[in-house]
Protein chains: 2
Amino acid sequence: MASIQDVAHLAHVSTATASRALSRPDMVAPGTRERVLQAARELGYQPNVLARSLRQRETRTIGLIVADILNPFHATLAKGAQDSADQHGYTVFLFNSDEEPEKERRAIDTLRGHLPQGLIVVPTSGTREHLSTLPELPVVELDRVSGNPGSTTITVDNVGGAHAATRHLLELGHRCIGMIVGQQDISTAVERRQGFRTALEEAGVPSDDALVVPGNHREDDGYRAAHQLLSLPAPQRPSALFVGNNEMTVGAVLAVRELGLRIPADLSIVGFDDSRWAQTMSPPLTVIAQPAYELGRLACEHLIGLLGQARPAPPTHVQLPTELVIRHSTGPPPDPSPDRRPHRPPPGPSPLRP
Amino acid sequence: MASIQDVAHLAHVSTATASRALSRPDMVAPGTRERVLQAARELGYQPNVLARSLRQRETRTIGLIVADILNPFHATLAKGAQDSADQHGYTVFLFNSDEEPEKERRAIDTLRGHLPQGLIVVPTSGTREHLSTLPELPVVELDRVSGNPGSTTITVDNVGGAHAATRHLLELGHRCIGMIVGQQDISTAVERRQGFRTALEEAGVPSDDALVVPGNHREDDGYRAAHQLLSLPAPQRPSALFVGNNEMTVGAVLAVRELGLRIPADLSIVGFDDSRWAQTMSPPLTVIAQPAYELGRLACEHLIGLLGQARPAPPTHVQLPTELVIRHSTGPPPDPSPDRRPHRPPPGPSPLRP
DNA sequence: TTGAAAGCGCTAACAC
DNA sequence: GTGTTAGCGCTTTCAA
């Protein structure tokens with residue numbers, strides 16, 4: 001590859017002048033500039049980013065670690081971040097933790113060697129500890145929060161989303177609602193569970209721990225959890241399911257189909273996170289939608305904002321709203337007993353969230 | 001960040017010795033080695049990859065450009081490649097061309113500056129030209145081929161896949177089959193179209209250009225193309241659709257639903273590329289499945305193999321098989337006229353492909 | 001077995 | 001406006 005020396009030589013100038021002509025054109029005489037530019041063009045010169053970064057101690061690079069690139073939600077986060085970085089002249093190094101803290105640790109180590117100027121991470125349970133390795137690096141946590149005090153966070157209103165989903169089911173008349181929830185060491189799972197619980201409490205529906213089944217965010221977990229919930233004995237068996245993430249919803253729907261239950265006639269389902277799949281399955285799925293692309297974009301914008309600061313600014317915390325999208329996977333519960341009142345809002349208080 | 005100088009100083013050795021202790025442990029006395037390793041641990045030392053790469057003129061980095069990271073097929077390719085690279089101690093720089101040659105060009109330029117030791121690319125129409133900029137870089141083309149003579153290629157049997165899909169429809173009795181095909185400057189689209197045509201010819205079914213509608217690989221294109229095909233006047237209107245990629249299949253199915261047609265009673269559909277979505281939509285979609293993860297993995301293995309070579313080896317061309325997965329989106333055509341013969345193989349030759 | 005020194009390609013002080 | 005020079009952090013001769 002042609003180096004700046006080659007360019008300088010061809011243009012009959014020093015490397016310093018060549019460098020200036022390329023990166024600070026106004027510091028060099030027009031004639032010289034043209035000669036250098038011409039030489040660069042001729043040689044197909046492309047600056048060696050390694051050398052430049054080494055010298056300037058600035059890589060114009062940011063690290064991004066998502067938890068599961070095969071999950072379209074995460075792929076969308078990544079695209080939002082990458083598009084934004086691109087606009088600002090930054091390059092993204094994308095890694096995948098596969099939801100494994102150990103893989104995340106390795107990704108962070110690899111990343112460190114490449115000297116990113118900042119890091120965006122969708123945390124796993126190990127993130128808080130891993131981040132303590134790099135106290136001076138600006139960090140934005142995306143979608144989930146690790147509890148690391150210095151991190152800026154970009155999240156959605158998980159509590160509100162889960163609350164809205166649950167309330168929707170309650171208003172349809174469901175009183176026995178199951179939840180399939182993520183691991184409780186992940187913030188989003190905790191928050192969604194909390195929104196679920198709060199909505200039940202507000203409606204005066206007693207909560208039953210047997211109706212809340214945890215899973216590890218993957219399709220299989222949703223499948224297993226749904227089977228578990230739907231094999232409960234009759235009075236306890238839920239007439240509706242709220243599933244805490246998109247992948248587990250897939251598994252749950254497959255389990256429901258396998259059991260021969262009709263949606264929503266026999267069982268209502270609400271998923272968290274919208275997707276292609278949710279829209280095209282039949283019946284189309286009622287979901288809590290999240291602005292995935294915007295989350296990724298914002299994470300990057302905020303990170304790049306942080307890079308401008310001389311002193312580390314206090315971390316900001318952005319929370320975007322979620323939206324209940326009612327499609328056709330939810331309806332009144334089957335075979336209502338006389339004292340329930342299908343098609344009507346439930347009795348008792350049902351305040352809107354502020 | 002701690003540098004090797006810090007480590008050397010703390011261990012009371014020269015930087016040369018510190019460097020050796022870390023990367024060639026057997027070249028250094030056991031005692032010294034331990035001191036250095038201890039110092040490195042203490043300081044949380046992480047080698048500066050930039051400096052190392054600059055010095056060694058070897059980045060242990062490979063570039064990967066996929067055409068659409070939001071397309072699960074491409075995300076899977078990326079994961080296959082990245083996992084494989086990881087195993088070999090290489091780091092992947094992942095870029096996204098968004099099917100735009102211009103974005104691909106920019107990705108390649110950015111990549112060049114980072115001195116990747118090789119490049120894996122899912123080509124766009126501009127790739128062949130762009131690759132001429134980097135004659136000395138080992139390149140593997142993935143899924144599609146650009147025609148660049150030096151590239152190793154990892155593809156699937158698109159002709160055979162399309163042939164099998166078409167033959168399947170013919171055997172069900174369809175005689176009027178529409179195809180939604182990708183842009184003809186993309187190799188996969190050309191090959192799939194060819195497989196389609198050949199199968200029709202072999203069955204003695206006249207091909208009708210009005211039944212082959214091109215699209216630009218995205219959902220919208222599939223939607224529009226399906227509308228166009230299904231609004232043809234009665235005798236020409238297809239009773240089955242073969243759609244040439246996964247995203248366009250989504251659009252086509254949505255269009256079909258919008259028109260109130262039942263699948264497969266009113267219209268059969270076969271898609272190219274399997275997916276979560278294809279398996280869970282209802283009815284589950286008959287597809288030509290491709291080994292996406294394996295494609296990505298192989299691309300990386302082959303590239304890394306290339307890096308070992310002193311002299312550029314002649315490019316190899318790997319083609320993996322596709323598989324017809326029959327689900328429930330295909331069936332006999334509706335309302336057969338007497339001279340067709342639903343449920344039976346078509347008359348005339350219908351040889352199996354070798 | 002270890003250290004001194006050069007140099008990868010680039011940019012930024014500093015001189016002129 | 002341009003050239004000279006030093007040095008980013010690392011590895012690798014070469015010498016001891």
Side-chain angles (χ1 to χ4, degrees), chain A residues 1-37 39-40 43-61 89 91 109-117 136, chain B residues 1-37 39-40 43-61 89 91 109-117 136:
Chain A
M1 266 242 324
S3 77
I4 201 162
Q5 302 227 41
D6 302 327
V7 175
H9 192 252
L10 185 57
H12 302 291
V13 295
S14 70
T15 60
T17 302
S19 171
R20 282 190 284 252
L22 292 163
S23 23
R24 293 162 148 69
D26 36 300
M27 283 183 65
V28 92
T32 328
R33 188 195 313 154
E34 261 324 305
R35 282 212 316 287
V36 173
L37 263 43
L43 296 170
Y45 171 71
Q46 186 76 23
N48 181 327
V49 177
L50 277 54
R52 174 186 287 173
S53 299
L54 186 60
R55 171 65 231 237
Q56 299 192 142
R57 339 200 70 222
E58 185 178 293
T59 56
R60 290 195 77 78
T61 270
T91 300
D109 280 351
T110 304
L111 227 27
R112 274 221 296 160
H114 287 272
L115 305 183
Q117 297 186 242
E136 74 282 28
Chain B
M1 267 244 324
S3 76
I4 201 164
Q5 301 226 40
D6 302 327
V7 174
H9 192 252
L10 184 57
H12 302 292
V13 293
S14 71
T15 59
T17 303
S19 171
R20 281 188 284 252
L22 292 163
S23 22
R24 294 161 146 71
D26 37 299
M27 284 184 64
V28 92
T32 326
R33 187 196 313 154
E34 261 324 303
R35 281 213 316 286
V36 173
L37 262 44
L43 295 170
Y45 171 71
Q46 186 76 21
N48 181 327
V49 178
L50 276 57
R52 172 185 289 172
S53 299
L54 186 60
R55 172 65 228 241
Q56 299 192 144
R57 336 199 73 221
E58 186 179 292
T59 56
R60 290 195 78 78
T61 270
T91 300
D109 279 352
T110 304
L111 228 27
R112 274 222 296 159
H114 287 273
L115 306 182
Q117 297 186 241
E136 74 282 29

Handout entry: Phosphate-side-chain proximity, A:Tyr45 and C:dC10, N/O vs OP1/OP2 below 4.0 Å
Key = yes
Practice task
To the nearest Å, give me how far apart CG (A:Leu22) and P (C:dT11) are.
Solution key: 8 Å
Exercise for the section: Return the angle between end axes of the helix from C:dT1-D:dA16 to C:dC16-D:dG1, with five pairs used per end and rounding to 10°. Expected result: 40°
Handout entry: Spatial distance of atom OG1 (B:Thr15) from atom NE2 (B:His9) [nearest 0.5 Å]
Key = 12.0 Å
Handout entry: Side-chain touch B:Met1/A:Leu115, heavy atoms, less than 4.5 angstrom
Key = yes
Handout entry: Distance, rounded to the nearest Å, where B:Leu50 contributes CG and C:dG9 contributes C1'
Key = 12 Å
Practice task
Classify the nucleic acid contact of A:Ala16 as base, sugar-phosphate or nothing, counting any heavy atom under 4.0 Å across all strands shown.
Solution key: base
Exercise for the section: Calculate the interatomic distance between B:Glu34 atom CD and C:dT2 atom P; express it in whole Å. Expected result: 13 Å
Problem - Reported CG-to-NE2 distance for the pair A:Leu50 and B:His114, which is rounded to 0.5 angstrom - result: 8.0 Å
Problem - d(CD1, B:Ile4; P, D:dG9) in whole Å - result: 12 Å
Practice task
Nearest 0.5 Å please: distance from the CE atom of B:Met27 over to the OG1 atom of B:Thr17.
Solution key: 9.5 Å
Fill in the blank from the handout: Side-chain atoms of B:Arg57 come closest, of C:dG9, D:dT11, C:dT1, to C:dG9
Practice task
May I ask you to say what A:Ser53 touches in the nucleic acid, namely base, sugar-phosphate or nothing, with a heavy-atom cut-off under 4.0 Å?
Solution key: nothing
Problem - Nearest-nucleotide pick for B:Arg20, side chain only, options being D:dG1, D:dT12, C:dC10 - result: D:dT12
Problem - Nucleotide nearest A:Ser14 (side chain, heavy atoms from C-beta), chosen from D:dG3, C:dC10, D:dG9 - result: D:dG3
Problem - Whole angstrom value for the distance that separates C1' of D:dG1 from CG of A:Asp26 - result: 12 Å
Problem - Out of D:dC10, C:dT11, D:dT12, whichever nucleotide has its closest atom nearest the side chain of A:Thr15 - result: C:dT11
Fill in the blank from the handout: Sorted by position of nearest nucleotide on DNA chain C, 5' first, the leading residue of B:Val28 and A:Pro47 is B:Val28
Practice task
With rounding to the nearest 0.5 Å, note down the distance linking OG1 in A:Thr32 to CZ in A:Arg20.
Solution key: 10.5 Å
Practice task
May I ask you to say what B:Ser19 touches in the nucleic acid, namely base, sugar-phosphate or nothing, with a heavy-atom cut-off under 4.0 Å?
Solution key: base
Problem - Value in whole Å for how far the P atom of D:dG7 lies from CD of B:Gln5 - result: 12 Å
Exercise for the section: Could you grab the distance from atom CG of B:Asp26 to atom CZ of B:Arg24, nearest 0.5 Å is fine? Expected result: 8.5 Å
Practice task
Compare the minimum distances between each of D:dG3, D:dT11, C:dG3 and the side chain of A:Val13, then state the nucleotide with the smallest one.
Solution key: D:dG3
Exercise for the section: Could you grab the distance from atom OG of B:Ser53 to atom CD of B:Gln117, nearest 0.5 Å is fine? Expected result: 8.0 Å
Handout entry: Nucleotide nearest A:Leu54 (side chain, heavy atoms from C-beta), chosen from C:dC10, D:dC8, C:dA5
Key = D:dC8
Handout entry: Closest listed nucleotide, where the reference is the side chain of B:Arg24 and the choices are D:dG1, D:dA6, D:dT12
Key = D:dT12
Exercise for the section: Respond yes when some side-chain nitrogen or oxygen of B:Thr17 is under 4.0 Å from OP1 or OP2 of C:dG3, and no when none is. Expected result: yes
Handout entry: B:Arg55 side-chain proximity, nearest of C:dT2, C:dG7, D:dT2
Key = C:dG7
Completion exercise
note: B:Arg52, atom CZ; D:dT12, atom C1'; distance rounded to Å ~ 13 Å
Handout entry: B:Ile4 vs B:Leu22 side-chain heavy atoms within contact, under 4.5 Å
Key = yes
Practice task
Examine D:dC10: is either OP1 or OP2 under 4.0 Å from a nitrogen or oxygen in the side chain of B:Gln56? Give yes or no.
Solution key: no
Fill in the blank from the handout: Rounded to whole Å, CE of A:Met27 lies from P of D:dG3 at a distance of 13 Å
